[in-house]
Amino acid sequence: MTDQKNGSCCSTDGSCHSDAAGDAQGGGVTTLYKVSGMTCGHCEGAVSQEISALGGVSAVTAVAKTGEVTVTSAAPLDEEAVRAAVDEAGYELVGTA
């Protein structure tokens with residue numbers, strides 16, 4: 001999601017996405033990951049975008065302040081695939097929380 005005014009994925013209020021808590025009600029598997037290096041809404045958006053591209057992912061909520069990323073998917077994800085997605089975004093997957 002790109003804010004066309006400033007060329008950033010962040011909105012004018014600094015947020016990158018809406019709260020996805022409501023999106024997770026469809027069922028599936030929810031996994032909490034720890035990611036190091038996120039410091040702002042742009043970081044949250046980059047990590048969310050890469051993980052969202054993985055097959056079966058229905059919702060991603062990244063929180064830079066805590067370094068936590070909540071992922072809801074149809075089935076458990078391969079941790080190496082998640083690690084590769086986080087790495088592609090420019091951050092480091094520490095593991096599951």
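Note that the coordinates shown come from a computational prediction; the quantities given were computed from them, not determined experimentally.
When the side-chain contact (heavy atoms from CB on, under 4.5 Å) test is applied to A81, the partners found at least two apart in sequence or on another chain are L54, D78. Every side chain to side chain donor-acceptor pair (under 3.5 Å) that E79 has, sequence neighbours left out, goes to R83. With sequence neighbours excluded, the residues forming a side-chain contact (heavy atoms from CB on, under 4.5 Å) with S52 are V60, listed by chain and number.
Here the straight-line distance linking atom CD1 of I51 with atom OH of Y33 works out to 7.5 Å at 0.5 Å rounding. Here NZ of K34 is found 4.5 Å from CD of E68. Values are rounded to the nearest 0.5 Å.
Looking at heavy atoms from C-beta onward, V71 lies in side-chain contact with V57 at the 4.5 angstrom threshold. Looking only at side-chain heavy atoms (C-beta outward), T61 and V69 stay at 4.5 Å or farther from each other.
Heavy atoms only, all atoms of each residue included: A62 and M38 are closest at CB-SD, 4.1 Å.
A distance-only check finds no donor-acceptor pair linking the side chain of K65 to the backbone of T39 [under 3.5 Å]. A donor-acceptor pair under 3.5 Å is formed between the side chain of S58 and the backbone N or O of T72.
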Donor-acceptor list for residues 86-97 side chains, cut-off 3.5 Å, not counting sequence neighbours:
none

